[in-house]
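I have placed the structure first, in the form of structure tokens, so that the comments after it can refer back to it.
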Number of protein chains: 2
Amino acid sequence: MQKPTIKDVAKEANVSIATVSRILNNGVGYSAKTKELVLRTIQEMGYSPNAIARGLINKQSNTLGVLMPEISGLVSAEILQGIEKAAHSQGQSVIVCNTAASGKQTIDYLKLLQEKQVDGLLFTSQYLTNEHSTYIAKMNVPVITISAYSEDDSIPAVRVDDERAAYDAVRYLIERGHRHIGMISGSPGDRLAGSPRISGYKQALKDAGIAYDESKVAWRYGFYFEDGQESCAHLLKQHPELTALFAASDELAAGAITTSYQLGLSIPDDLSIIGYDGTKLSKMTLPALTTVSQNFVEMGETAVNRLLNSIRAGKNSDGAIIQHHIIERASVKSIIHTS
Amino acid sequence: MQKPTIKDVAKEANVSIATVSRILNNGVGYSAKTKELVLRTIQEMGYSPNAIARGLINKQSNTLGVLMPEISGLVSAEILQGIEKAAHSQGQSVIVCNTAASGKQTIDYLKLLQEKQVDGLLFTSQYLTNEHSTYIAKMNVPVITISAYSEDDSIPAVRVDDERAAYDAVRYLIERGHRHIGMISGSPGDRLAGSPRISGYKQALKDAGIAYDESKVAWRYGFYFEDGQESCAHLLKQHPELTALFAASDELAAGAITTSYQLGLSIPDDLSIIGYDGTKLSKMTLPALTTVSQNFVEMGETAVNRLLNSIRAGKNSDGAIIQHHIIERASVKSIIHTS
DNA sequence: TTGAAAGCGTTACCAC
DNA sequence: GTGGTAACGCTTTCAA
């Protein structure tokens, strides 16, 4: 037997479909008695409304599209967690699109999402090019960006003040007496997680009267463990005088810890390391990592809330800067002489 | 201006909507000339088909629903990655539902997914109770389970042979000369990741002629880092003679490493540890973790493929056992005397 | 090869 | 309070 439709319910309860519809939507215009009857009938028949039919007429899907380059990363997964939570608690579903896997291009995903009539778009950890924003403009749905860089700066963004956060991390090191500080970075060409963090590093050095030396920032393209290992080895070889390292991600920092250990260095006695992100990983390293934490879950939630507002308002919302903070653990040592 | 519909395209191209529809769906019954004309018109107008209207008439949404208790966990995130990849490469979208967050119950999510007319359901890392399967049966959509336990064993499952995998892990330790082996487990009441792994541990011991001692398996409810720390401390205090530990997850193992270190023990010299899962974390610990790896991405992909088959076939598919394997790294030491 | 029209399950407007 | 019905954007017969 087919699943019952609103028509079946109406027939069974001897009312019109209009009445059933009203009751379903908490509208007005029916007696308490009919309401009860209809509700009972629905119950008995196991009727469930069809959101697709609803969406067709309402011109909305109550669905948000999320685009991210990798979903199994620590960072992405936490952001997604925040997105999902906020979305579902407000009656919106979330379709995830992994733009790096499955060989599909971002534009293909946008096309797909367009066909599915999503009500809004979340761009996460991923460049939003002008080509993308042009396409999205044609789709006529609001977008918001989370921890991502957009060529079109009219697009609202939820993120941490990366330059400031990096500055704070390095200053944290300086305040503890370090003056020979190296940095393990992602690509300087990365406008989100690359250049701003390097700028913060530079500025902190400058404000402390420490000369900036380009050869003290090592980088690979990624922000992964292996990248951290390589950069750390490279850095320590060239600059054995370094007493502290600022890593642009927790994974990078974890890689640096492993490499330092292999080089016979003890953290934090021989070398202090501060990480970035504040993912779960940061508490699991040995020693546990002191790191500047971004609240990814909060970022996801904030982005969804803003996006929903702009869907309702019919115009793009504002972005938001999420507060970062340093989590002190065991990977940084103060080397100030107390006499 | 509103987004163009198929009707607008038809009018513009001076053909009927039926013709446009045929062309869009690669059907037959139109001249090459009309096809070209229509395609050009579509291009010019920037027409995009409406999947919602399509879904209404085709009675399918090309959307799969995924239910998981936590999406930011290492394991869940990797499974999700596999699911997303396989789904999108076959034209299906994925709606994620985090059953532990946002205060929504699993049944509420099922209801939601039902209304959204998903074509299939993926139950991940989560108990599937009889109440759930009853509800799903009424929904009349196929389900498959990934790394999850189902009360109703007629539901197809994709998973590793946990008992066997645990057995292999412990035997790995035994083969390297260990006889005093402790276990850090999740709850023995957990029918998926709890009891089967304990059984494997017991069996391996038994086959090696080593007596089983209940007090050598410590557990907390979760499989997290902190649980590992606590269980490890507890175990080592009661059984200082232990030379090796089998942990039922990588996080548990990471916690054990940290605690051991704090207790002044060196891994693997004083204590060997083998983990379970093979998540990214396992390569980042210090020392890098030897662990029995489940291929989560493959699990996700396999599950989607099976599910899609059963959607097409209109009946539930078979489950699948995914092969596990041990990744040898640096946390286990052989203590066999070679004279 | 093409078009007209019914129908998918809803909602919302207009009568009564 | 309630019912009839057009409309949402599309696919798919049935005729021409």
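Numbered from 1 within each chain, the chains take letters A, B, ... in sequence-line order.
Phosphate contact (OP1/OP2 of C:dC8, side-chain N/O of B:Asn58, threshold under 4.0 Å): absent. OP1 and OP2 of D:dT12 both lie 4.0 Å or more from every side-chain N or O belonging to B:Ser21. Between C:dT2 and B:Ser31, a contact under 4.0 Å exists linking OP1 or OP2 to a side-chain N or O. When the side-chain nitrogen and oxygen atoms of A:Arg54 are compared with OP1 and OP2 of C:dT11, one or more of them lie within a distance under 4.0 Å. Distances shorter than 4.0 Å separate none of the side-chain N or O atoms of A:Thr5 from OP1 or OP2 on C:dC8.
Spacing between atom NZ of A:Lys7 and atom P of C:dT11 amounts to 14 Å, rounded to whole angstrom units. One atom, CG of B:Leu56, and another, C1' of C:dG7, lie 9 Å apart when rounded to the nearest Å. Note: CD1 (A:Ile17) to P (C:dG7) measures 14 Å, nearest angstrom. For the pair A:Ile42 CD1 and C:dT10 C1', the interatomic distance rounds to 13 Å; values are reported in whole Å. For A:Ile52 and C:dT11, the CD1 to C1' distance is 16 Å, given to the nearest whole Å. Taking atom CD1 of residue A:Ile57 and atom P of nucleotide D:dG9, one finds them 10 Å apart after rounding to whole Å. If you measure from atom OH of A:Tyr30 to atom P of D:dG3, you get 14 Å, rounded to the nearest angstrom. Atom CD1 of B:Ile23 and atom P of D:dC10 are 14 Å apart (whole Å).
One finds a salt bridge joining B:Lys280 and A:Glu70 here, because a Lys/Arg side-chain nitrogen approaches an Asp/Glu carboxylate oxygen to under 4.0 Å.
In terms of position along DNA chain D, the nucleotide closest to B:Ala53 lies nearer the 5' end than the nucleotide closest to the other residue of the pair B:Ala53 and B:Arg22. Between B:Lys59 and B:Ala32, the one whose closest nucleotide on DNA chain C sits nearer the 5' end is B:Ala32. Between B:Ala18 and A:Leu24, it is B:Ala18 whose nearest contact on DNA chain C lies nearer the 5' terminus.
Judged by distance alone, with hydrogens and angles left aside, the side-chain atoms of A:Glu301 form no donor-acceptor pair with the main-chain N or O of A:Gly82 at under 3.5 Å.
For A:Phe123 and A:His132, the distance between ring centers is under 6.0 angstrom.
Note on B:Val15: only backbone sugar-phosphate atoms sit closer than 4.0 angstrom, heavy atoms only; bases stay farther off.
Across C:dT10, C:dC8, D:dT2, the shortest atom-to-atom separation from the side chain of A:Pro49 is found for C:dT10. Candidate nucleotides D:dG9, D:dT2, D:dC8 were compared by shortest atom distance to the side chain of B:Ile6, and D:dG9 ranks first.
No hydrogens or angles considered: a donor-acceptor pair under 3.5 Å links the side chains of B:Gln114 and A:Lys3. In summary, the side chains of B:Asp152 and B:Ser150 do not present any donor paired with an acceptor at a separation below 3.5 Å, with no hydrogens or angles considered.
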